[in-house]
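These values consider heavy atoms only, across backbone and side chains, with no hydrogens, waters or symmetry-generated copies. Per chain, numbering begins at 1; letters A, B, ... match sequence-line order.
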Number of protein chains: 2
Amino acid sequence: MAGRKSSGVLELAVLGLLHETPMHGYELRKRLNALLGMFRAFSYGSLYPCLKRLVEQGLIVEDRPEDDDPGGALLLQSRRSKIVYKLTADGKERLQELLTEAGPAAWEDEGFGVRFAFFSHTRADVRLRILEGRRSRLEERLESFRAALARTRERVDSYTLELHNHGLESVEREVRWLNELIGRERAEQAGGRSKRPDERAEEASADDTSDGDR
Amino acid sequence: MAGRKSSGVLELAVLGLLHETPMHGYELRKRLNALLGMFRAFSYGSLYPCLKRLVEQGLIVEDRPEDDDPGGALLLQSRRSKIVYKLTADGKERLQELLTEAGPAAWEDEGFGVRFAFFSHTRADVRLRILEGRRSRLEERLESFRAALARTRERVDSYTLELHNHGLESVEREVRWLNELIGRERAEQAGGRSKRPDERAEEASADDTSDGDR
DNA sequence: TGCCGATGTATCGGTCCGATACATCAAGGC
DNA sequence: GCCTTGATGTATCGGACCGATACATCGGCA
């Protein structure tokens, strides 16, 4: 039971960023939005609750700089200072778990983007599976959408049609991008594995849809 | 005070769809997701609360098919049936208001998509302003993003770079699309203006709604 | 000195969504 | 006739997420 997708996206992003180096919230958010770039942005209203959840789960710890107030008195509430968040061993484990999972959650729009951003920390075989899953998800979406478009061909105004075509082309473009990436991944894996000549007889046909778009 | 964007998107979409013909929830959702196509989809968990809000605001009314239960007894709770929603006069007014507004809300990602889907019901000058607003919003995003990219050029791994470039190209592509649309709009308006005077009168009068104050 | 913008932490009211539940009805197998 | 199946249809809950907002600190800089 969990609203939406059980935090997935933000949790993974925070864990991944914190894996590289401990940080406080403000910087975390900046790096988050820089990392995710054009395709996603989180606000403090999401980040801080998420950090709180992660602390509760023991995946990260907060390092507050010495404000125990030993005398006991002096309850000046104004003692706000930087809080540095750091990954725990459990957190690292959880990150690996999330990064290794290659199920549907990894190729839905949001989940895919975040996972892709951390691909350099992901196992090569998982990368390939995610890329392929994403591609087939997109192709399936394309197909059902094209069918729906054909069904209503003559009953939509020109602006709606324009919007639909633009969306269609965007997705087609992403499929071509994925094709290129998959080809690259495969070539790389085949190359790295070249100790075994008997194994890779086929597969060299990786250059399927590499038309020079762009 | 309003969470997120004060409902904007769904509200407009529902009002717009209901303007064409009354419908019940299920069909409303289907048409909604067909209209918005690849770029957005709403679930019942959003739709029904939204309909409830719209009823409360008096923008739509629900037409339940005669189940008053006059006798008073017979509290069979199972009397569920189709509920057809219909736009009220206030609702039409509100729709016009939303369709005519050409502020920032109209060129943010979500707001823009929905408004574009209803462009055929939007005044030509408003269309142009929204298109141009959207374009400059995108260009501004592009610029700040390119700056950020240049700043961190050598410090990102190849996958992050790949993601950034893909995002960048997607946005550039949308700008080109907007350019084309804007050109088309302008040509159309110029053509209409320099052509027959009666055509122009038709557009000018259209359906009053001359903003005035509200 | 006093103001300003960047840095920094935090919450509130609200939207939206995935999952789920439950009801109706037509088609088709048996 | 009965029963499963799937499309149709209405409805809610818990939770993720967000925009706005509030408040505090700190380094310029006029």
Next item on the list: Starting from P on C/dT9, measure out to OH on A/Tyr85 and report it in whole angstrom.
Entry: 7 Å
Check: So does A/Tyr26 get a side-chain nitrogen or oxygen closer than 4.0 Å to the phosphate oxygens (OP1/OP2) of C/dT7?
Finding: yes
Item checked: Between D/dG9 (P) and B/Leu51 (CG): distance, integer Å -> 14 Å
Next item on the list: Just compare C/dC16, C/dA10, D/dT10 and give me whichever is closest to any side-chain atom of B/His24.
Entry: D/dT10
Item checked: Residue from A/Glu140, A/Glu139, A/Glu110, A/Glu174 passing salt bridge (charged side-chain N to carboxylate O under 4.0 Å, His left out) with A/Arg134 -> A/Glu174
Check: Whole Å only: how far is the CD atom of A/Glu56 from the P atom of D/dA16?
Finding: 11 Å
Notebook entry, point to check: Which part of the nucleic acid does B/Ala105 contact within heavy-atom distance under 4.0 Å: base, sugar-phosphate only, or nothing?
Noted result: nothing
Checklist line | C/dC16 phosphate, OP1 or OP2, under 4.0 Å from B/Arg53 side-chain N/O | finding: yes
Next item on the list: Send over the distance from B/Leu47 CG to D/dA11 C1', rounded to a whole Å.
Entry: 11 Å
Check: In chain order, what residues pass the side chain to side chain contact (heavy atoms under 4.5 Å, CB included) check against B/Lys30, with sequence neighbours excluded?
Finding: B/Tyr26
Margin query: Quick check for you: among D/dC18, C/dT9, C/dG8, whose closest atom lies nearest to any side-chain atom of A/Lys82?
Written below: C/dG8
Note to self: So, does B/Ser46 get its side chain near the phosphate of C/dC17, meaning an N or O under 4.0 Å from OP1 or OP2?
What the structure shows: yes
Margin query: Less than 3.5 Å apart, any donor N or O on the side chain of A/Ser170 or B/Arg173 sitting next to an acceptor on the other?
Written below: yes
Next item on the list: May I ask you to say what B/Gly25 touches in the nucleic acid, namely base, sugar-phosphate or nothing, with a heavy-atom cut-off under 4.0 Å?
Entry: sugar-phosphate
Note to self: Suppose we call two aromatic rings close when their centres sit under 6.0 Å apart. Are A/Phe39 and B/His166 close by that rule?
What the structure shows: no
Next item on the list: Measure the distance from CG on B/Leu12 to C1' on C/dT15 and round it to the nearest whole Å.
Entry: 16 Å
Margin query: I'd like to check the ring pair (Phe, Tyr, Trp, His ring centres under 6.0 Å) partners of B/Tyr159; sequence neighbours left out, ordered by chain and number.
Written below: A/Phe116, A/Phe119
Item checked: Separation of C/dG18 P from B/Asn33 CG (nearest whole Å) -> 10 Å
Margin query: What is the separation between atom CG on B/Leu32 and atom P on D/dG9, rounded to the nearest whole Å?
Written below: 16 Å
Notebook entry, point to check: Are any of B/Tyr48's side-chain N or O atoms less than 4.0 Å away from OP1 or OP2 of D/dT10?
Noted result: yes
Item checked: Between P of C/dT24 and CD1 of B/Ile83, the distance in whole Å -> 14 Å
Note to self: For D/dC18 and A/Arg29 - does any side-chain N or O of the residue sit under 4.0 Å from the phosphate oxygens OP1/OP2?
What the structure shows: no
Notebook entry, point to check: Base, sugar-phosphate, or nothing: which does B/Tyr44 touch, judged by heavy atoms less than 4.0 Å apart?
Noted result: base
Note to self: Quick check on D/dT12: is either OP1 or OP2 less than 4.0 Å from any side-chain nitrogen or oxygen of B/Lys52?
What the structure shows: yes
